[in-house]
K.L.:
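Below you'll find the structure I mean.
Remember, it's 1-based here, ligands and their atoms both numbered in the order they're listed. Values in this document were obtained by computation on a predicted structure and should not be read as measured data.
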Amino acid sequence: MRFLSDYLKETYGEKIYKIALTSGCTCPNRDGTAGTGGCAFCSEGGSGDFAAPLLPLEEQIERAEALIRPKTGARRFIAYYQSFTNTYGDVKRLASLYEETARRDDVAILSLGTRPDCLGPEVMDMLRGLRKIKPLWVELGLQTVHDGTAEAFHRGYPFAVFREGYARLKEAGITVVVHMIFGLPGETKEMMLESVRTLASLDPPPDGVKLQMLHILRGTELGALYEKEPWPMLSLEEYAGLIAESLRILPEETVIHRMTGDGPGKLLLAPEWTRNKKRVLNAIRRKAGLV
Ligand code: SF4
């Protein structure tokens, strides 16, 4: 298995840090195109950890880098358009914004978070063009391969749509990072591992994965249900066991980008143990035999 920090050091010869940028896109799962309420776990920030305000690009980058540079001395960054659906909107405007981002010397990698149902021909042309400027990652929030679970949290597309979008990206030679969530309501541990096995069996397998525990956030549909009637969630030990098993299942070439999330702490209702990231990572390392 290979972790992101090792991959970045091996590939770029230096530590590269991520900065979160905002493209001004919305999400088809919120504006009525695929749905109106969004995914049941998604907060107003559109599933981003640290959504930056929509400011001119130069200003967004300066602000983000100013937070990281003094502590790390970092020279180059992953420009990560994380929140909402960053291939959903006026493609000309987006192409110009992303091209400007990719052409910067301080940007080593351009990363776009999106949905597999937002990869039409014009978007694919834009992505092919961007890929020629800088390494391009497209991050797809799949969360589960099980359509019943996805319907229940209103993902707004079936797994077959993910397969098509994924194939299109891979044919275009684009690096694809897939996001998965463990602990979705109604899913057994076997179902979670089946999702991981299905990802591992894709041909070619994903270039990267982000694994995280479901965060139940105040102000979301799941949050309202949980506040009314809490249900038992995976314990830290159970979660760590599932991640350790996933690391065994995923192929060597799939880079592990994340094993636990950074949800907005102020909104977090459950599980409490996700707040202590260090403890979570230590538990995973123990279960995976990495310590
Ligand atoms: S697709 Fe992403 S941004 Fe849209 S509602 Fe779902 S999690 Fe939120």
K.L.:
How does Arg155 reach ligand 1, by side chain, by backbone, by both or by neither, if only non-hydrogen atoms under 4.0 Å count?
P.N.:
neither
K.L.:
Please tell me whether Leu214 and Val178 are part of a single hydrophobic cluster in this structure, the criterion being side-chain heavy atoms less than 4.5 Å apart.
P.N.:
yes
K.L.:
Does Arg286 use its side chain to pair, donor to acceptor, with the backbone of Val291 at less than 3.5 Å?
P.N.:
no
K.L.:
Between atom 4 (Fe) of ligand 1 and Cys27, is there an N, O or S atom separated by less than 2.8 Å?
P.N.:
yes
K.L.:
Within the 4.0 Å heavy-atom shell around Gly38, which atoms of ligand 1 are there?
P.N.:
5 (S)
K.L.:
Show me which atoms of ligand 1 lie under 4.0 Å from any heavy atom of Phe84.
P.N.:
3 (S)
K.L.:
Using distance alone, with no hydrogens and no angle criterion, decide if Asn282 and Arg279 have a side-chain donor and acceptor under 3.5 Å apart.
P.N.:
no
K.L.:
Quick one: does Thr101's side chain get under 4.5 Å of Tyr81's, heavy atoms only?
P.N.:
yes
